[in-house]
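What follows is a single structure, written as structure tokens, with notes after it.
Model, not experiment: these values are computed from the prediction.
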Amino acid sequence: MGKHPQEYSPFVAAVLTYTLIFLPFCLAAALYRELRAMLSVQKLLFVANVYNAIYCACLVILNVVTGNEPMSSLQASNEADYIILQFLKVVAFGAFILLQVVHVWILRNTNAENMKVGAISNLLLSLCVGLHYFLRVWLPAMHGMPPRNSSLSYLLYTVIFSAMALTFYVKPEKGERAQAAAATAVVIGDEEDKQI
């Protein structure tokens, strides 16, 4: 007698969930390899935003294709993996926020006004996304409840992270990138100015 498709759902949910972490990571790593010649905080943030946008887009696609919230499926089939995944996400997002704070701090004493506005805006947007995710997914996970996110929320996250990634391409005023690079070099202790 053959197995019912429902018996495979825990395995499929776990594979899909971990694939969702590593597939965007591979794409972001390939992008990082292209940009590493001129490594900077801004480029690291760009790669992180691309990763987050791809990850959230994958969740939207899975939600539309399966009709189920992917994190809810994982939580129902394997709660231990789900809890581990949520802790990894909160630590990674905390590092992402810290990197943004460092970027704002680096730019604080420069005259790079356009870059400052972009950095502060991105930090505020990230804090809003993080708070929403904390309330709708992470907090319920810690109480053994399924996430309360929808494909609309993940679509909004995708748009926000994509917009944040696109701020990398906003043309700064003349000399802003050089000022930001000099400020980064002073903070890092690097004698060579790296272009941001």
Over all atoms of both residues, closest heavy-atom pair of M142 and I83: CE-CD1, 4.0 Å
Approximate separation, where rounding is to 0.5 Å, of E113 CD and L107 CG: 10.0 Å
L166 reachable from V117 in the ILVMFWY side-chain graph, under 4.5 Å edges: no
Contact check, side chains of S151 and L155, non-hydrogen atoms, under 4.5 Å: no
S153 side-chain N/O to N149 backbone N/O, donor-acceptor pair under 3.5 Å: no
Interatomic spacing from CD1 in I61 to CD1 in I54 - rounded to 0.5 Å: 10.5 Å
Contact check, side chains of P147 and R136, non-hydrogen atoms, under 4.5 Å: no
CG-CH2 distance between L123 and W105, expressed to the nearest 0.5 angstrom: 15.0 Å
CA sep, side-chain torsions, deciding dist, call: L45, H103, side chain to side chain contact (heavy atoms under 4.5 Å, CB included): CA-CA 9 Å; L45 286 170; H103 189 227; 3.7 Å; yes
Separation between CD of Q42 and CD1 of I106, rounded to the nearest 0.5 Å: 10.5 Å
Smallest separation among heavy atoms of A165 and V50, with atom names: CB-CG2, 4.1 Å
Whether N52 side chain and A48 backbone form a donor-acceptor pair below 3.5 Å: yes
Co-membership, hydrophobic cluster, residues L127 and Y51, 4.5 Å side-chain: yes
Linked, directly or transitively: L131 and F87 (ILVMFWY side chains, under 4.5 Å): yes
Smallest separation among heavy atoms of L59 and M71, with atom names: CD2-CE, 3.8 Å
Main-chain N/O of T110 paired with K116 side-chain donor or acceptor, under 3.5 Å: yes
Nearest heavy-atom neighbours spanning F168 and F46: CB-CD1, 3.6 Å
M164 vs S126 side-chain heavy atoms within contact, under 4.5 Å: yes
same_hphob_cluster(V159, Y154) at 4.5 Å side-chain heavy-atom cutoff: no
Backbone N/O of G144 and side chain of Q75: donor-acceptor pair under 3.5 Å: yes
Any donor-acceptor pair under 3.5 Å from T158 side chain to A57 backbone: yes
L85 with M145, same ILVMFWY side-chain cluster at under 4.5 Å: no
Point-to-point distance, once rounded to the nearest 0.5 Å, from CD1 of I160 to NE2 of H132: 9.5 Å
Gap separating the OG1 atom of T167 from the CG atom of N122, nearest 0.5 angstrom: 4.0 Å
Ring geometry between F93 and F161 (parallel below 30°, tilted from 30 to 60°, perpendicular above 60°): perpendicular
Side-chain (W138) to main-chain (Q86) donor-acceptor, under 3.5 angstrom: yes
